[in-house]
Amino acid sequence: TQRIGSAATGYVDVPADYYSFTDPATTAETIQYCDSSVTNIVTLTYYDNTDLTAETCAQAMLQNFQQDTAMDSSSVTGAMVELDGCEAYQIYGYYPADDIFLVIWFLDSPEDDYIHYVSVEFTSDHYDLFEMVENTYHVAY
């Protein structure tokens, strides 16, 4: 594995053969790594807007998932979970046409004033990537 991230985004382990790429739709603060298929992707970023909370970000994302016609509406779920010992809002959905699961966590960190965004996109045969992100993410190194 390799450790990716920054002090602002947090850190997570990804498989050693994943490589960094830049999605043109993201900001400079975004860190993304993927496999050679560019299908299994881990994304880390943060928001420093004090008018937002992790909860408001998660609610907005949940609405987006519910309105996304390509997503299986029965798969869309929101939950409170623990990520790195912090309460996190987890949003989950599945794109059946592409066999892609998308899981996003938003958390207010006690380490800083940022809202942390962590996401993993994976195919059904790469569920271990979800587990790796969930088990190795840390707000601080």
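No donor-acceptor distance shorter than 3.5 angstrom exists from the side chain of T9 to the backbone of G5, with no hydrogens or angles considered. Side chain of Q2 to backbone of D13: no donor-acceptor contact under 3.5 angstrom is found. Using a distance-only test at 3.5 Å, with no hydrogens or angles considered, a donor-acceptor pair links the side chain of T77 to the main chain of S75.
Under 3.5 Å, the side chains of T45 and E29 contain no donor-acceptor pair of N or O atoms.
Applying the side-chain contact (heavy atoms from CB on, under 4.5 Å) rule to A8 yields the partners S6, Y46, Y114; only residues at least two apart in sequence or on another chain are considered. S73 is linked by a side-chain contact (heavy atoms from CB on, under 4.5 Å) to nothing, counting only residues two or more places apart in sequence or in another chain. Take E82 and apply the side-chain contact (heavy atoms from CB on, under 4.5 Å) test, not counting sequence neighbours, and it matches no residue. When the ring-ring contact (aromatic ring centres under 6.0 Å, His included) test is applied to Y33, no partner is found at least two apart in sequence or on another chain. Every side-chain contact (heavy atoms from CB on, under 4.5 Å) that D35 has, sequence neighbours left out, goes to Y18, S37, N40, H126.
Separating the OH atom in Y137 from the SG atom in C86 is a distance of 8.0 Å, to the nearest 0.5 Å. For the atom pair L44 CG and T30 OG1, the distance stands at 9.0 Å (nearest 0.5 Å). Taken to the nearest 0.5 Å, the SG atom of C57 stands 4.0 Å off from the CD1 atom of I115. Note that CD of E121 is 5.5 Å distant from CG of L102, once rounded to the nearest 0.5 Å. Rounded to the nearest 0.5 Å, atoms OG1 (T1) and CG (D17) are 11.0 Å apart. Expressed to the nearest 0.5 Å, how far OH of Y117 lies from CD1 of I104 amounts to 3.5 Å.
For the side chain to side chain contact (heavy atoms under 4.5 Å, CB included) with F122, the lone residue among V103, T39, V42, I41 that qualifies is V103.
Residues L129 and P15 meet the side-chain proximity criterion, which asks for heavy atoms closer than 4.5 Å. Considering only heavy atoms from C-beta on, T43 stays 4.5 Å or farther from I31 through its side chain. Here the side chains of M71 and V76 are in contact, with some heavy-atom distance below 4.5 Å. Side-chain atoms of Y127 and F101, non-hydrogen and from C-beta on, never get closer than 4.5 Å to each other.
Closest approach of V133 to W105, counting heavy atoms only: CG1-CZ3, 3.7 Å. Listed here is the closest heavy atom pair of M132 and V12: O-CG2, 4.4 Å.
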Using a 3.5 Å cut-off and no angle test, enumerate the donor-acceptor pairs between side-chain atoms of residues 87-98 and protein atoms at least two apart in sequence or in another chain.
unit_1: Y94; atom_1: OH; unit_2: D99; atom_2: OD1; d: 2.9
unit_1: Y95; atom_1: OH; unit_2: D68; atom_2: OD2; d: 2.6

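Hydrophobic clustering places L52 together with M61 (ILVMFWY residues linked when any side-chain heavy atoms are closer than 4.5 Å, directly or through intermediates). Hydrophobic clustering of Ile, Leu, Val, Met, Phe, Trp and Tyr side chains at less than 4.5 Å, counting indirect connections, unites V81 with L107.
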Open item on the list: If you apply the rule side-chain contact (heavy atoms from CB on, under 4.5 Å), what do you find for E55 with D108, and how did you get there?
Closed with: CA-CA 9 Å; E55 182 178 11; D108 294 307; 6.0 Å; no
